[in-house]
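Scroll down for the structure; my scribbles are underneath it.
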Amino acid sequence: MKLMQLTDLHFGSYPFKGEDRRTASMVRHMVWEQKPDMLVLTGDLHWSLEEGSLSIVSGVLDFFDSLDTPVAIVWGNHDSENQYDRRTLNALVSRMKNHVAKAGRCVIEGRELYFYDAAPYRLYFLDSGDYDRDGNYAYIYEEQIQALLSLDDGEREGLLFMHIPVEEYNQAKKAGAAVGHQDEDVCSPKKNTGLFDTLRGKSAIHHIFVGHDHDNDFFADYEGMHLYYGRISGYNAYGELPRGVRVIELTEDGVESRVVEEKP
């Protein structure tokens with residue numbers, strides 16, 4: 001099975017204009033070229049503070065529906081900075097025709113968790129939130145960790161997709177374990193609630209994929225866990241890296257991935 005991770009698309013208009021039109025063109029070309037079995041969008045689909053942003057994100061979801069490829073979505077910190085919340089966004093997703101079925105779905109304080117089986121693997125999708133009460137990047141709730149563990153059958157190797165990286169990405173970088181672009185500080189939450197350690201010790205989930213930091217796309221094999229950044233996909237945002245995607249191949253021999261850049 002081939003997955004394509006797109007992250008930090010940051011659409012700010014619909015119908016698409018300017019840089020958003022360029023992003024949409026890149027997405028269409030990558031889908032045509034790579035022919036993925038599933039698209040995974042790891043947050044910051046749109047600028048929610050733009051005027052009319054709810055209509056914009058609704059149009060973005062229509063755009064992904066039009067690609068006729070199964071898609072799974074988690075939200076980022078910039079997706080609900082307006083007056084609407086995650087519940088409103090999830091209601092829009094529920095109308096999509098090509099979103100994957102959300103097995104095991106649960107919602108904790110507005111944050112959604114679900115999984116999709118891609119035998120012999122299980123794909124988990126976790127909403128990492130936006131901001132904590134102090135205005136720092138949100139941390140994973142302990143209740144979310146326990147809910148995630150409850151979905152793990154202990155047999156299928158698991159891949160977890162979310163938006164905000166955990167602190168261990170920073171530790172892996174400092175330890176020299178990171179391979180790839182590491183041109184930006186790891187913007188993880190101030191509070192570490194132990195997601196990494198819990199998964200490492202108690203689950204079959206050994207792969208974590210995030211977005212959030214536009215100038216990082218590194219991979220790290222760190223303390224028995226595999227940590228991946230996606231490649232920034234949207235032009236309507238900061239970042240010096242060429243736009244692109246991360247392609248993830250699920251084979252009988254294991255999980256393989258690579259970054260694919262848009263061709264000039």
Worksheet item: Without hydrogens or angle criteria, can the side chains of E157 and H207 be said to hold a donor-acceptor pair below 3.5 Å?
Response: yes
Discussion item. Does R21 qualify as a cation-pi partner of F16, given the criterion of NZ or CZ under 6.0 Å from the six-membered ring centre and within 45 degrees of its axis?
Written reply: no
Practice prompt. Establish, for the pair R105 and Y114, whether the NZ or CZ atom is under 6.0 angstrom from the six-membered ring centre and no further than 45 degrees off its axis.
Written response: no
Fill in: P70 backbone acceptor or donor facing N98 side chain under 3.5 Å
no
Worksheet item: Sub-3.5 Å donor-acceptor pair from the side chain of S25 to the main-chain atoms of R22, do we have one?
Response: no
Discussion item. What's the separation between atom CD1 in I145 and atom OG1 in T193, rounded to the nearest 0.5 Å?
Written reply: 4.0 Å
Discussion item. Side chains of F115 and L151, heavy atoms from C-beta outward: is any pair under 4.5 Å?
Written reply: yes
Worksheet item: Looking at V186, V179, L227, which hits side-chain contact (heavy atoms from CB on, under 4.5 Å) with F218?
Response: V186
Discussion item. Could you check whether H163 and H212 have their ring centres less than 6.0 Å apart?
Written reply: yes
Item to complete: Following the transitive rule for hydrophobic clusters with a side-chain heavy-atom cut-off under 4.5 Å over Ile, Leu, Val, Met, Phe, Trp and Tyr, establish whether L45 and M4 coincide in one cluster.
Response: yes
Discussion item. Is there a path of hydrophobic side-chain contacts, each under 4.5 Å between heavy atoms of I/L/V/M/F/W/Y residues, joining I232 to V247?
Written reply: no
Worksheet item: Looking at R258 and E249, does any basic side-chain N land under 4.0 Å from a carboxylate oxygen?
Response: yes
Discussion item. Would the distance check show the side chain of N236 and the main-chain N or O of D20 forming a donor-acceptor pair, the cut-off being under 3.5 Å?
Written reply: no
Discussion item. Are H10 and H78 an aromatic pair, judged by ring center distance below 6.0 Å?
Written reply: yes
Worksheet item: Between M1 and Y121, is a side chain to side chain contact (heavy atoms under 4.5 Å, CB included) present by the stated rule, with each step listed?
Response: CA-CA 10 Å; M1 184 175 189; Y121 300 90; over 6 Å; no
Practice prompt. List the atom of P189, the atom of P165, and the distance in Å for their closest heavy-atom pair.
Written response: CD-O, 3.2 Å
Fill in: N-O pairing of E167 and K190 below 4.0 Å
no
Discussion item. Testing the basics here: between P36 and T69, what is the closest heavy-atom pair and its distance to 0.1 Å?
Written reply: O-CG2, 3.6 Å
Fill in: Separation of E184 CD from C187 SG (nearest 0.5 Å)
5.0 Å
Item to complete: For N192 and Y139, run side chain to side chain contact (heavy atoms under 4.5 Å, CB included): C-alpha distance rounded to whole Å, both residues' side-chain angles, the deciding distance at 0.1 Å, then the answer.
Response: CA-CA 7 Å; N192 188 345; Y139 52 85; over 6 Å; no
Worksheet entry | Near-ring test Y124/F161, centroid separation under 6.0 angstrom | no
Practice prompt. Decide yes or no for I248 and K2: does some side-chain heavy atom of the first lie under 4.5 Å from some side-chain heavy atom of the second?
Written response: no
Fill in: Rounded distance [0.5 Å steps], CE in M162 versus CD in Q144
9.5 Å
Practice prompt. For atom NZ of K263, decide whether the heavy atoms of other residues, nucleotides or ligands shown that lie under 6.0 angstrom number more than 12.
Written response: no
Worksheet entry | Derivation of the side-chain hydrogen bond (donor to acceptor under 3.5 Å, both in side chains) call for N136 and Y131 | CA-CA 5 Å; N136 302 309; Y131 305 95; over 6 Å; no
Worksheet item: Between L67 and R28, does a side chain to side chain contact (heavy atoms under 4.5 Å, CB included) hold up when you go through it step by step?
Response: CA-CA 7 Å; L67 300 176; R28 288 193 193 95; 4.1 Å; yes
Practice prompt. Verify the cluster assignment for I164 and L9: are they in a single hydrophobic cluster under the rule of side-chain heavy atoms below 4.5 Å apart?
Written response: no
Practice prompt. Evaluate the side-chain proximity of V27 to V245: yes if any heavy-atom separation is below 4.5 Å, no if none is.
Written response: no
Discussion item. For a 4.5 angstrom cut-off between non-hydrogen side-chain atoms, does L3 reach D37?
Written reply: no
Worksheet item: Side chain of T88, backbone of Y84: donor and acceptor closer than 3.5 Å?
Response: no
Worksheet item: Are S188 and N170 close enough that a side-chain donor and a side-chain acceptor fall under 3.5 Å?
Response: no
Item to complete: Among F209, Y222, Y229, F196, find the residue that satisfies the ring pair (Phe, Tyr, Trp, His ring centres under 6.0 Å) test when tested with Y169.
Response: Y229
Discussion item. Rounded to the nearest 0.5 Å, what separates atom OG in S94 from atom NZ in K102?
Written reply: 7.0 Å
Fill in: Heavy-atom side-chain contact between N82 and L54 under 4.5 Å
no
Item to complete: Starting from the C-alpha separation in whole Å, work towards a yes-or-no answer on side-chain hydrogen bond (donor to acceptor under 3.5 Å, both in side chains) for S80 and D130.
Response: CA-CA 7 Å; S80 60; D130 46 25; 3.0 Å; yes
Discussion item. Using a strict threshold of under 4.0 Å (side-chain N to carboxylate O), is an ion pair present between D217 and R231?
Written reply: yes
Discussion item. Whether the side chain of D132 engages the backbone of G135 through a donor-acceptor N/O pair (distance < 3.5 Å, no angle test) should be reported.
Written reply: yes
Discussion item. Quick check: do L113 and R111 have side-chain heavy atoms less than 4.5 Å from each other?
Written reply: no
Fill in: E240 side chain near D183 side chain, heavy-atom distance below 4.5 Å
no
Worksheet entry | Cationic N near anionic O, under 4.0 Å, E155 to R122 | no
Practice prompt. Verify the neighbour count for atom CD of E142: are there more than 12 heavy atoms of other residues, nucleotides or ligands below 6.0 Å?
Written response: no
Worksheet item: Okay, side chain of T7, backbone of T42: is any donor-acceptor separation there less than 3.5 Å?
Response: yes
Worksheet item: Between the side chain of T23 and the main-chain N/O of Y235, is any donor-acceptor distance below 3.5 Å?
Response: yes
Worksheet item: Between D65 and K97, is there a donor-acceptor pair closer than 3.5 Å when you use the side chain of the first and the backbone of the second?
Response: yes
Practice prompt. Verify the cluster assignment for M38 and L160: are they in a single hydrophobic cluster under the rule of side-chain heavy atoms below 4.5 Å apart?
Written response: no
Practice prompt. Would you confirm whether D127, through its side chain, and G129, through its main-chain N or O, come within 3.5 Å as a donor-acceptor pair?
Written response: yes
Worksheet item: Between S128 and I140, does a side chain to side chain contact (heavy atoms under 4.5 Å, CB included) hold up when you go through it step by step?
Response: CA-CA 6 Å; S128 57; I140 302 297; 3.7 Å; yes
Worksheet item: Between atom OG of S58 and atom OH of Y14, what is the distance when rounded to the nearest 0.5 Å?
Response: 8.5 Å
Item to complete: Assess whether side-chain hydrogen bond (donor to acceptor under 3.5 Å, both in side chains) is satisfied between W75 and N90, documenting all intermediate values.
Response: CA-CA 9 Å; W75 301 111; N90 291 335; 2.9 Å; yes
Item to complete: List the steps, then state whether salt bridge (charged side-chain N to carboxylate O under 4.0 Å, His left out) holds for R243 with E261.
Response: CA-CA 6 Å; R243 274 36 179 179; E261 296 180 351; over 6 Å; no
Discussion item. Closer than 3.5 angstrom, by distance alone: can the side chain of S53 be matched with the main-chain N or O of I56 as a donor-acceptor pair?
Written reply: no
Item to complete: Check whether the ring centres of Y238 and H214 lie less than 6.0 Å apart, and answer yes or no.
Response: yes
Practice prompt. Spell out, yes or no, whether Y116 and V255 are grouped together once hydrophobic residues are joined by side-chain heavy atoms under 4.5 Å, including indirect joins.
Written response: yes
Worksheet item: What distance separates R86 CZ from E112 CD, expressed to the nearest 0.5 Å?
Response: 10.5 Å
Worksheet item: With a 4.5 Å limit on heavy-atom distance, are the side chains of L199 and M225 in contact?
Response: yes
Worksheet item: Using 30° and 60° as the class limits, which term best fits the ring planes of F219 and Y228: parallel, tilted or perpendicular?
Response: tilted
